[in-house]
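Beneath this line is the structure, given in structure tokens, with notes to follow.
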Amino acid sequence: MNNAERGNIKISIMRSIDESQPHSIFFISDYVGLGAAETIRKILYEATLSGVLEKAGHGIYIKPKVSRFGKVPVPLEKIAKEIALRDKCEILPTGSTAANLIGLSTQVPMNLSYITTGSTRTIKIGDRKISFRHASPRNFAAKGRVMPLLIQGIREIGEQNIKGEQYEAISRFIDRMNDPYLQEDLLLAPAWIQRIIKKNMRQ
């Protein structure tokens, strides 16, 4: 590849970055149609040296967002969703991540965990981690996305720990999400989780 060809690739990449919104996420694979992966990697690396991008993890680049209070960190949830889009797979929060989203736990997890139709792996983002664990397709069989989240979050807390405060959190979450498929998807939950959820569903 001569310098002119490389220059054209760099112009195209930098234009797409310039036209994007802050907190946009970029992967080398976004530009595979322009040239060799190594060439694209070097161009993205050069963009980090100039401050146009930040490297968040292996092969993951982010356009910084700055407020009057300083640099705003990109939410890990956004990175996880972008990785799923790139890999054409489904993801679903699990463990403490799911429990926090439902309101069963007020502790914001330092690291995020998901089950996925893709491969099992852990991705480091600075000093934090996003973990993906491959799960069978039946975990993604629901029509809605509320029931799978409830199943994962309630399972994380445990049946013996679901009491008054937790019931209230589940009820608020169900009301807030207003999922039309909740009743239909209920049959996908284990019997003990069904009993807990039924206590919080409007009849």
Side-chain angles (χ1 to χ4, degrees), residues 23-33 36-38 40-41 44-45 48 53-63 73-162 166 169-170 173 177 179 181-182 185-194 196-197:
H23 275 182
S24 292
I25 298 170
F26 302 91
F27 304 100
I28 293 172
S29 57
D30 292 339
Y31 302 106
V32 290
E38 183 60 21
I40 295 165
R41 186 192 66 77
L44 292 175
Y45 174 69
T48 66
L53 291 179
E54 291 181 342
K55 187 172 182 180
H58 181 68
I60 304 172
Y61 301 85
I62 296 171
K63 184 174 181 178
V74 63
L76 285 191
E77 294 87 349
K78 179 178 175 66
I79 298 177
K81 289 178 181 177
E82 291 292 334
I83 290 173
L85 284 173
R86 179 195 67 181
D87 297 344
K88 297 180 175 61
C89 64
E90 292 186 73
I91 61 172
L92 179 66
T94 188
S96 59
T97 305
N100 177 260
L101 289 172
I102 294 169
L104 291 172
S105 170
T106 57
Q107 184 175 356
V108 179
M110 180 70 175
N111 303 309
L112 300 188
S113 56
Y114 295 84
I115 54 173
T116 178
T117 55
S119 59
T120 296
R121 60 215 162 123
T122 297
I123 296 174
K124 288 187 176 182
I125 307 294
D127 59 350
R128 303 180 69 185
K129 296 178 182 178
I130 304 175
S131 297
F132 298 98
R133 177 174 57 82
H134 179 76
S136 65
R138 64 183 176 83
N139 290 279
F140 300 88
K143 288 187 177 180
R145 275 294 170 258
V146 170
M147 187 57 63
L149 199 56
L150 285 170
I151 292 171
Q152 295 296 327
I154 294 172
R155 182 177 284 147
E156 169 70 11
I157 298 299
E159 184 175 10
Q160 69 281 5
N161 295 316
I162 302 294
Q166 287 71 36
I170 293 170
F173 179 73
M177 299 303 290
D179 185 353
Y181 300 109
L182 191 66
D185 289 341
L186 183 63
L187 296 176
L188 298 171
W192 69 272
I193 293 181
Q194 287 189 36
I196 291 171
I197 294 174

- [ ] State whether the side chain of H134 and the backbone N or O of T120 hold a donor-acceptor pair below 3.5 Å, judged by distance alone.
- [x] no
task: Report yes if the side chains of P93 and L149 come closer than 4.5 Å at any heavy-atom pair, otherwise no.
output: yes
Between the CZ atom in R121 and the CZ atom in R133, the distance rounded to the nearest 0.5 Å is 14.5 Å
Output for pair (F27 CZ, I83 CD1), nearest 0.5 Å, gives 5.0 Å
Any donor-acceptor N/O pair, D87 side chain to C89 backbone, under 3.5 Å = no
The reported gap from CD1 in I193 to CZ in R155 (rounded to nearest 0.5 angstrom) is 5.0 Å
* Note: R145-D185 ion pair, threshold 4.0 Å (strictly below) -> no
CD1 of I60 to CD1 of I130, rounded to nearest 0.5 Å, is 6.5 Å
Residues A189 and M147: closest non-hydrogen pair is CB-SD, 4.4 Å
- Item | S96 side chain to P109 backbone, donor-acceptor under 3.5 Å | no
Output for pair (F173 CZ, L101 CG), nearest 0.5 Å, gives 7.0 Å
Minimal heavy-atom distance between I25 and E82, with the atoms involved, is CD1-CG, 3.6 Å
* Side chain of S131, backbone of T122: donor and acceptor closer than 3.5 Å? -> no
Tightest non-hydrogen contact, residues Q107 and N100, listed as O-ND2, 3.2 Å
Scanning both residues in full, the closest heavy-atom pair of L150 with I102 reads CA-CD1, 3.6 Å
On a heavy-atom basis, the closest approach of G95 and E156 is CA-OE1, 3.3 Å
**Backbone N/O of Q152 and side chain of T94: donor-acceptor pair under 3.5 Å** = no
Smallest heavy-atom separation, L92 atom then P148 atom, equals CD2-CB, 3.3 Å
Value for NZ (K124) from CZ (R128), rounded to nearest 0.5 Å, stands at 14.5 Å
(message) Has Q166 got a side-chain atom pairing as donor or acceptor with L104's backbone, closer than 3.5 angstrom?
(response) no
Side chains of E90 and T116 in contact at under 4.5 Å (non-hydrogen atoms):
no
> Are H23 and P75 side-chain neighbours, meaning at least one heavy-atom pair lies under 4.5 Å?
Replying inline: yes
Do Y181 and V146 touch side chain to side chain, with heavy atoms closer than 4.5 Å?
no
Q. Side chains of L53 and Y45: closer than 4.5 Å at any heavy-atom pair?
A. no
Practice problem: Report yes if some heavy atom in the side chain of D30 is under 4.5 Å from a heavy atom in the side chain of I28; otherwise report no. | Solution: no
Item to complete: Count the heavy atoms of every other residue, nucleotide or ligand shown that sit under 6.0 Å from NZ of K63, and state whether that count exceeds 12.
Response: yes
Ignoring hydrogens and angles, tell me if any N or O in the side chain of N139 forms a donor-acceptor pair with the backbone of S136 under 3.5 Å. yes
